[in-house]
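Heads up: the structure comes next, in structure tokens.
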Amino acid sequence: MVKQASLANKNFLLSAEKMEDGQTMVARHALELIAQAATLEVDGVAAMQTNVYDHFPKSLTNIAKTKGVLLENDEDGLNFDVSVVLHYGVVVPKVAFAIQQLIKKNLADLTGLTVTEVNVNIAGLVPDDTNDTLDPDHLFDHDLAKEPS
């Protein structure tokens with residue numbers, strides 16, 4: 001059975017069983033990094049969205065700065081909010097489901113902790129390719145015959 005410590009100390013106890021050599025704790029920031037790495041592994045994810053508090057110095061916020069991931073712990077378990085930027089043209093529900101499943105799997109495999117909820121926020125889309133057909137010397141050339149008179 002896995003037991004989770006309170007958010008006050010920001011560490012999570014990995015095993016409720018008393019171990020001979022001591023206990024193993026994992027920091028909140030480490031769990032957020034695992035979720036971030038899992039998210040970036042999913043095909044279709046271009047980047048993680050920057051949070052507003054990422055722009056403030058740590059001395060002002062007391063929030064660990066893991067880009068695009070926020071962890072909350074409640075009585076039901078671990079809840080993650082991830083904000084991503086996707087490549088244009090991907091099937092959004094499919095990518096979001098893949099993110100949710102990989103975060104849950106990686107956290108279970110690496111720490112033994114159970115994730116109860118993963119909320120995926122799509123912050124934006126970026127095109128997969130750039131338009132290389134534009135000629136910078138002829139940006140405003142056009143066919144005058146197609147314009148209305």
Side-chain angles (χ1 to χ4, degrees), residues 1-140:
M1 173 176 235
V2 176
K3 183 177 178 181
Q4 299 158 1
S6 68
L7 274 179
N9 63 11
K10 297 182 184 179
N11 291 324
F12 295 83
L13 183 63
L14 293 187
S15 177
E17 299 171 12
K18 184 68 177 172
M19 302 183 100
E20 214 173 277
D21 297 331
Q23 296 178 331
T24 303
M25 304 286 284
V26 64
R28 171 193 183 106
H29 184 66
L31 298 176
E32 290 175 337
L33 286 172
I34 292 169
Q36 181 185 46
T39 301
L40 291 172
E41 286 180 28
V42 175
D43 288 337
V45 175
M48 302 298 291
Q49 175 65 33
T50 304
N51 297 317
V52 172
Y53 60 78
D54 289 342
H55 300 290
F56 296 112
K58 187 176 180 184
S59 60
L60 295 178
T61 61
N62 288 339
I63 298 174
K65 297 177 185 174
T66 306
K67 187 176 179 183
V69 179
L70 182 62
L71 167 62
E72 293 181 9
N73 185 23
D74 60 21
E75 60 277 351
D76 296 330
L78 299 176
N79 299 320
F80 284 90
D81 288 322
V82 295
S83 298
V84 296
V85 177
L86 301 180
H87 291 289
Y88 181 79
V90 299
V91 180
V92 174
K94 183 179 175 182
V95 174
F97 182 74
I99 291 168
Q100 291 168 332
Q101 296 306 306
L102 194 56
I103 287 174
K104 288 179 179 182
K105 179 188 178 306
N106 285 3
L107 276 152
D109 290 348
L110 296 172
T111 66
L113 296 174
T114 302
V115 177
T116 56
E117 190 174 290
V118 177
N119 300 308
V120 180
N121 303 303
I122 311 303
L125 300 170
V126 294
D128 276 337
D129 58 341
T130 58
N131 190 354
D132 292 334
T133 60
L134 290 177
D135 181 5
D137 296 327
H138 299 94
L139 287 176
F140 299 104

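The figures here come from the full heavy-atom set of this structure, side chains too, leaving out hydrogens, waters and symmetry mates.
Annotation: the span from Leu113 atom CG to Asn73 atom CG amounts to 9.0 Å, rounded to 0.5 Å. Taken to the nearest 0.5 Å, the CD atom of Glu41 stands 10.5 Å off from the CD1 atom of Ile103. The structure places CD1 of Ile34 at 11.5 Å from CG of Leu102, a figure rounded to the nearest 0.5 Å. Residue Thr39 holds its OG1 atom at 4.5 Å from CE of Met48, rounded to the nearest 0.5 Å. Here the CG atom belonging to Leu40 is positioned 9.0 Å from the CD1 atom belonging to Ile99, to the nearest 0.5 angstrom. Interatomic distance, Gln49 CD to Ile122 CD1, rounded to the nearest 0.5 Å: 11.0 Å.
Checked by atom type and distance alone, the side chain of Gln36 pairs as donor or acceptor with a backbone atom of Lys67 at under 3.5 Å. Counting only distance, with no hydrogens or angles, the side chain of Ser83 and the backbone of Ala123 share no donor-acceptor pair below 3.5 Å. Using a distance-only test at 3.5 Å, with no hydrogens or angles considered, a donor-acceptor pair links the side chain of Glu32 to the main chain of Leu71.
Put simply, the side chain of Val82 does not reach to within 4.5 Å of the side chain of Asn121, judged on heavy atoms. By the 4.5 Å heavy-atom criterion applied to side chains, Leu107 and Leu31 are counted as neighbours.
For the residue pair Asp74 / Asn79, a side-chain donor-acceptor distance below 3.5 Å is found, with atom types taken as modelled.
Between Pro127 and Tyr88, the closest heavy-atom pair is CA-CB, 4.0 Å. For Asp81 against Glu72, the heavy-atom pair with the smallest separation is OD2-OE2, 4.3 Å. Pairing each heavy atom of Ala38 with each of Asn106, the nearest pair is CB-ND2, 3.4 Å. Considering all non-hydrogen atoms of both residues, Phe80 and Val69 come closest at CD2-CG1, 3.8 Å.
By the 6.0 Å contact criterion, CG on Asp109 is enclosed, its count of non-hydrogen atoms from other residues, nucleotides or ligands being greater than 12.
Just one of Val90, Val95, Val85 meets the side chain to side chain contact (heavy atoms under 4.5 Å, CB included) condition when paired with Val45; it is Val95.
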